[in-house]
Amino acid sequence: MDLKSELKELIIRELKLKNVVAEDIEDQGPLFGSESKLGLDSLDAVELVVVVQKKFGVDIGDRNTANVAFASIDALADYITKNRPGS
Amino acid sequence: MKDGTAGERVLIVVPVFNNESSVSGVLAGVAALGLPVLVVDDGSTDGSPAALDAFPVHRIRFPENRGKGLAIRRALSWAEERGFSHIITLDADGQHSPGDIPRLLDKIREAPEAVIIGKRDFGRGVPGGSRFGRRWSNLWIRIASGVSTPDSQSGFRAYPVRPLSRLKYLGSRYEFEVEVLVRAVWAGLPLEWVDVSVRYFPPAERVSHFRPLKDNARISWIYTLLVLRRMIPFRRRSAPPGSSPSDSYGNRAGHAVFRWVIGKLGVRPAYGVLVPVIAYYVLFRPSAVRAAAPYLRRRFPGRGGLRMLWPAYRHYFAFGQCLIDQAATNILGREGLRIDFPDADALRELSEEGRGLVLVVSHVGVWHSALSTLDYLKRPVYLNWRRERHSQSMGLTDFRKTGVEVRVISPDGFLGGIPELSLALTHGRIVAVMGDRGHGSSAVRSEVFLGAPAGFPILPYHLAFSTNSDLVVFLTARTGPRRIFLRAAVWRMTEAQRELGKDRVCRELLRWYVGELERHVRDHPFMWYNFHGIWMREEDIPRQGRGVES
């Protein structure tokens, strides 16, 4: 499974999203906020930070990069690829 | 009606109080300029009203003497309703020459946003009391606003109507004329001066109603209030939005005076200053009592109306003492601060395990000082907190002198700073989050507090659960001069609890926190300072986010 699909599955599972399948999540659409089809709220960011760290060993949370990393599935995959240990 | 200047519409305002002998001369001089004139008769009991009949002027009459300040305030609103841009005030006792009005008009054209003061040229023949009075009020203006004024008592002025009529004033008599200058500076308006001539009469002929002792005392009193006003963060009413730069300057200057007193004399004289000031606010500013009432009504059920004044006084007085103690900590450092913290060792042991730790802090006592005592843990604290302007100028955000390293994460940042907080916890940091006030987007859950539903943020519990961190309810009270009591109630996050699921754990943790807060305000009823209103009607409670439904 490619990283983006993996992330989508992870988000659906960890955030207990109901009535959403991986195919519904757009690669470029925003994850958070009123523009987002997923409609994640700021509290969901806690799970996302924790699971990305646990699964990929990547820290997201720095005030200058978190908004970039959490912009979309594409951006998140990109950020993880670049910041993975050993990459 | 002829306009005084190209773009500005100017109204001449003459407050009159028993100036029968001089007012005709003044009005005749003014009439020569062809500007609209408003006379505010402040309850004259002599022949002044009859003297006015000879002139085509607009008139307002107070049935009794209410003070020059109120007369000018009334003129400001009268002028605003009729679309005037400026008023020029001059005294009816003849000391100001209408021939100087064109100078003020020129200045209005040059600086339409400014308050323009006719600076009097004092030669000999000026009464000593007046000279002293001028210096006295110049000094006060400097303390309160940071601006030096060559002549702050001159009543010969031009005021821009719109910005000034929107401010709130305390002064009704001569003290208004100094107060309006400070408030203008606070609101970001410049002050300008033009030279004017002045004529003082021998005492027998002089009809001034300025009483040197009484009115200078009133001026000092209003200044004490104004300086202290900057210390106490009631809802800000006076400054229009976007008027911060000089406003915060006034703030800083006022606080500087207070800090000086504390540094030189200690906290007790500063408490003394609070007594009349808090009394004043509780008695005469209903908004202050209203701000405290939702809590006090629940904490002291069955009290209402006048019987609420005493708890309101004690509440604000205790709050003022807390602010003073905090200022003292900033000035004097930790020296002389007494700390009673029976749970200190338990918290240290927990901290040494190196797991993430969520500190739930509340608006109780001197919580900033309390947080700063955590330096003994030798770990930085990540604080999710919005720096308010008043707390900044109070020096409340200054944790540097107090030892602990506090890293503030603003709730106004990306996703409320939640990613940053979460990351800090996964790295085993200490994160402090307000438990009694949610910020913006973060979900609020209703819980019964002091017998009524209130909204509390769910964030601290959600953070603790999802990052597998322990949780500490951290409460504090001021128990004496520079003496604080601290309490740390610990909740260990265990695997067994985590199996119950996030929603259930979050709910239980919130209930536990609210119980701890309730117990705290029962022990220390005047130590909770959340004036933002957390009580809600059920229908006001926002729909819970998916993450907190059970």
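A, B, ... follow the sequence lines: proteins, then strands. Residue 1 opens every chain.
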Self-check item: Closest non-hydrogen atom pair, Pro419(B) against Val49(A)
Solution: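 The pair with the smallest heavy-atom distance is CA-CG2, 3.8 Å.
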Quiz item: Which pair of non-hydrogen atoms, one from Arg63(A) and one from Ile409(B), has the smallest distance, and what is that distance?
Solution: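 Scanning both residues completely, I find the closest heavy atoms to be NH2-CG1, 3.9 Å.
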Practice problem: Look at the aromatic rings of Phe32(A) and Phe414(B) and report parallel, tilted or perpendicular, splitting at 30° and 60°. | Solution: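 Answer is perpendicular, since the angle exceeds 60°.
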Practice problem: Determine the sole option in Leu423(B), Leu463(B), Thr426(B), Asn468(B) for which the side-chain contact (heavy atoms from CB on, under 4.5 Å) test with Val50(A) is passed. | Solution: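 Of the listed options, the one satisfying the test is Thr426(B).
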Quiz prompt | Check: Lys502(B) and Glu47(A) side chains under 4.5 Å, non-hydrogen atoms | solution =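 Counting from C-beta outward, Glu47(A) and Lys502(B) do come under 4.5 Å.
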Quiz item: So how far is it from Ser466(B) OG to Leu48(A) CG, rounded to the nearest 0.5 Å?
Solution: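 If we round to the nearest 0.5 Å, Ser466(B):OG and Leu48(A):CG are 11.5 Å apart.
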Quiz item: Taking atom CD of Glu35(A) as the centre, does the number of heavy atoms from other residues, nucleotides or ligands within less than 6.0 Å exceed 12?
Solution: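 Not more than 12 within 6.0 Å, no.
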Quiz item: Non-hydrogen atoms of chain B under 4.5 Å away: do they reach the side chain of Asp59(A), the backbone, both or neither?
Solution: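 Both backbone and side chain.
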